[in-house]
Protein chains: 2
Amino acid sequence: MAKTSRGPSMHDVAARAGVSHQTVSRVLNDFPGIRPETRARVIDAIEELGYRRNLAARALVTGRTQTIGMIGPVVPDIGPLSTLHAIERAAREADLHTLMTSAEDTAESLGDALDFLVGRGVDAIAFAAEREVMVEALEAAGVGVPVVYLLSGGEVAGLSASIDQRAGVRQAMGHLMGLGHTRIQHVSGPAEVTEARIRREEYLAVVGEAGLEPFDIVEGDWSPDSGFAAGQAIAADATAVFCANDEMAYGVLHALAEQGRRVPEDVSIVGFDDHSAACHTLPPLTTVRQDFEAVGRLAVDVMVAAVDGEAPEEPRYVSPELIVRESAAPLESR
Amino acid sequence: MAKTSRGPSMHDVAARAGVSHQTVSRVLNDFPGIRPETRARVIDAIEELGYRRNLAARALVTGRTQTIGMIGPVVPDIGPLSTLHAIERAAREADLHTLMTSAEDTAESLGDALDFLVGRGVDAIAFAAEREVMVEALEAAGVGVPVVYLLSGGEVAGLSASIDQRAGVRQAMGHLMGLGHTRIQHVSGPAEVTEARIRREEYLAVVGEAGLEPFDIVEGDWSPDSGFAAGQAIAADATAVFCANDEMAYGVLHALAEQGRRVPEDVSIVGFDDHSAACHTLPPLTTVRQDFEAVGRLAVDVMVAAVDGEAPEEPRYVSPELIVRESAAPLESR
DNA sequence: TGATAGCCTGGGACCGGTCACAGTCGCTGT
DNA sequence: ACAGCGACTGTGACCGGTCCCAGGCTATCA
């Protein structure tokens, strides 16, 4: 790539305004004790020249960047993406900037991402790690700045901000059981993904505690397509399905319809996420809402605190909320 | 925020390896003509110290950053987000890094975003501008680096990379007309959004050319909810609906079902996007696929070319593709 | 044996800001 | 009239890299 033509520098502005570069700096940083007239001259010069401060130079000398780094997954799942996007906005509120990069599920790719972020001098990092192995890899890499884990369910060492997954599962399962269901099957996310594992574990815990009938867990990959495949494997005697996310629930709905099983008359379904289309499926999907926006804000709070040295090591949670619609109905004797 | 503790610098590495900082720099940049033994010593020193190059310092002197900036919308729509994410990946392939920020629909917010990006010395900017007014605002701001517009449909001055919206609309409408429909209503996106405007214009053009029956256009905001509202306003004598995106189509499907109108027997529906859940609606949605991944790659190509000075000013398009499923059927006499 | 070339390495200026410090100026008090 | 003080502004070092250029060393050849 060619060299970017350099814009005007602080010295150019200073020359045009007939002051020193230091005075320009003071104006830029809102220092008190500048004669209004001088300030005006400087501002005019900035305007005329279209001057923009070079943040690289600034970061070089100050050693801090007011920037937080974000590492996202390579696949554009709406969940992680929304969370990252929410962080971006929360950061802006706090006058921080964000640097986004993505990493594959390899230590090497993660290393690249970290080099980039740390080399840029980010003050903290938000890591949307789907797979637990990546958390370990990051741990091993030993970066010098605070890292907040986003999708861990709070069940890893270190800083985290996430939805209380287990509570969400209990809301979903509790709703189904409250409707009289005892034969509840689970469509889970990929086994190696932390969130999927936690939801699955909690499902099993509830099944065990309540003495429900055990079913094989069907595993998908979060996509509607995998949900469709899972839907074809739903046991004939299951009366309810708890899906680990809404998008798989869409596929399950489709597969069930093809089998001629009616929802919710024959089978009740509960999803997870409250995806934007969840209220417009046929029938509208009962689900557990995850407030990604809140997680983003929480993550920024945690990062700011950590950078200031007050790092609360206990996990920080956002509570999920059950959204009752029409895809789950009371069990009727059939 | 506290000052980040400074890590080891190139001089520290040089001292430890018993060479000059210059030699360290050469090793880092893969310069030829370093004795293997020397190189090994330097690499060891880097390893031992956990040294990471300070990119701010590097950017300061080189004047280029190998980084492209991205400006996204504040609302996390899957379309723009996917495109931006695709750029991030395409950029990584090309050994570029990405700096993401978002801007609201105000000149001030855009100015902040630009200050950040340009101040960081990005070599080019990808702008996911939903609203045309923002394109003008950016034009007016006059940044010194190439800007590629993503969601413009290629119909703005300057560089762009986008889906050929008009072709997509003609595919959708052509499909419907081929099935015998002449009473086709349109559910559009927000009027001030470029893509929505283009799809709407092209819809009207097709209607005019083919001499179809005119219907009022119902406007939504891309969301399933707005699609639901739009669905309630579908004319009783319309036999087909062309929705400007899939998510609104979900809502329309829902609304139509509530009215007791069957899809596709009574009303045919075509969407736009090929959203991940589109193949699992009831019935599965016929739609126009947008390949965001390809747009991302294209955008990076355009940016690299522009930075190298070969800026092809004509718009670059990715062709959409009609995906035929079951929500649109031949018009039967009723 | 000494000059020349080629390989490898080091020295110093510089990028564009911020920081610490040192002026300059006008006004007051005695 | 002059020291003293506060308000305002300027000077130069420095952050951590890269670039240009100069130098030391070994190998080759006259």
Side-chain angles (χ1 to χ4, degrees), chain A residues 1-43 45-46 49-67 115-116 118-121 144, chain B residues 1 3-42 45-46 49-67 115-116 118-121 144:
Chain A
M1 282 204 172
K3 181 163 178 164
T4 312
S5 68
R6 288 175 188 274
S9 80
M10 200 172 254
H11 286 83
D12 299 328
V13 174
R16 184 171 189 99
V19 298
S20 74
H21 68 277
Q22 174 62 311
T23 299
V24 176
S25 173
R26 276 193 268 258
V27 169
L28 248 21
N29 292 320
D30 274 329
F31 261 67
I34 304 259
R35 205 182 308 158
E37 175 197 317
T38 310
R39 173 185 302 273
R41 267 217 316 285
V42 171
I43 291 178
I46 289 176
L49 262 41
Y51 168 75
R52 247 185 270 266
R53 172 159 47 184
N54 182 325
L55 262 34
R58 175 182 220 200
L60 178 59
V61 50
T62 59
R64 43 140 137 169
T65 55
Q66 300 284 63
T67 299
D115 279 346
F116 175 59
V118 175
R120 285 273 165 141
Chain B
M1 279 204 174
K3 180 164 177 164
T4 312
S5 67
R6 287 174 189 276
S9 79
M10 199 171 253
H11 286 84
D12 299 327
V13 174
R16 184 172 188 101
V19 298
S20 73
H21 67 278
Q22 173 62 311
T23 300
V24 177
S25 173
R26 276 193 268 259
V27 169
L28 248 22
N29 293 318
D30 275 330
F31 260 68
I34 304 261
R35 206 182 309 159
E37 175 196 318
T38 311
R39 174 186 301 273
R41 269 217 317 285
V42 171
I46 289 175
L49 261 41
Y51 167 75
R52 247 187 267 267
R53 172 159 46 184
N54 182 325
L55 263 32
R58 174 183 221 201
L60 178 58
V61 50
T62 59
R64 44 141 137 170
T65 54
Q66 299 284 65
T67 299
D115 279 345
F116 176 58
V118 175
R120 286 272 167 141

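First the proteins, then the strands, lettered A, B, ... as listed; each starts at 1.
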- line: note: B:Leu60, atom CG; D:dC19, atom C1'; distance rounded to Å ~ 13 Å
field: B:Gln22 CD to D:dG23 P, straight-line distance once rounded to whole Å
entry: 16 Å
query: Which nucleotide, C:dG11, D:dG16, C:dG17, lies nearest any side-chain atom of A:Arg58?
result: C:dG17
- request: Spell out yes or no: do the side chain of A:His21 and the base of D:dG12 have one donor N/O and one acceptor N/O closer than 3.5 Å?
  value: yes
- prompt: OP1 or OP2 of D:dC8 less than 4.0 angstrom from a side-chain nitrogen or oxygen of A:Arg35, does that happen here?
  reply: no
- request: Figure out the CZ/P separation between A:Arg26 and C:dG17, and round it to whole Å.
  value: 16 Å
message: Please report the distance, rounded to the nearest Å, between CG in B:Leu28 and C1' in D:dT18.
response: 11 Å
task: For A:Phe31 and D:dC8, give me the distance from atom CZ to atom C1', rounded to whole Å.
output: 14 Å
query: Is the phosphate of C:dT18, meaning OP1 or OP2, less than 4.0 Å from a side-chain N or O of A:Arg53?
result: yes
task: Could you say whether B:Ala57 or B:Pro32 is positioned toward the 5' end of DNA chain C, judged by the nucleotide with the nearest heavy atom to each?
output: B:Pro32
message: Tell me whether the side-chain N/O atoms of A:Ser20 come closer than 4.0 Å to OP1 or OP2 in D:dG10.
response: yes
task: Compare side-chain N and O positions of A:Ser25 against OP1 and OP2 of C:dT18 and report whether any pair is under 4.0 Å apart.
output: yes
field: Residue-phosphate contact under 4.0 Å: A:Thr62 side-chain N/O, C:dC19 OP1/OP2
entry: no
query: Can you tell me if the side-chain N/O atoms of A:Asn54 get under 4.0 Å from OP1 or OP2 in C:dC15?
result: no
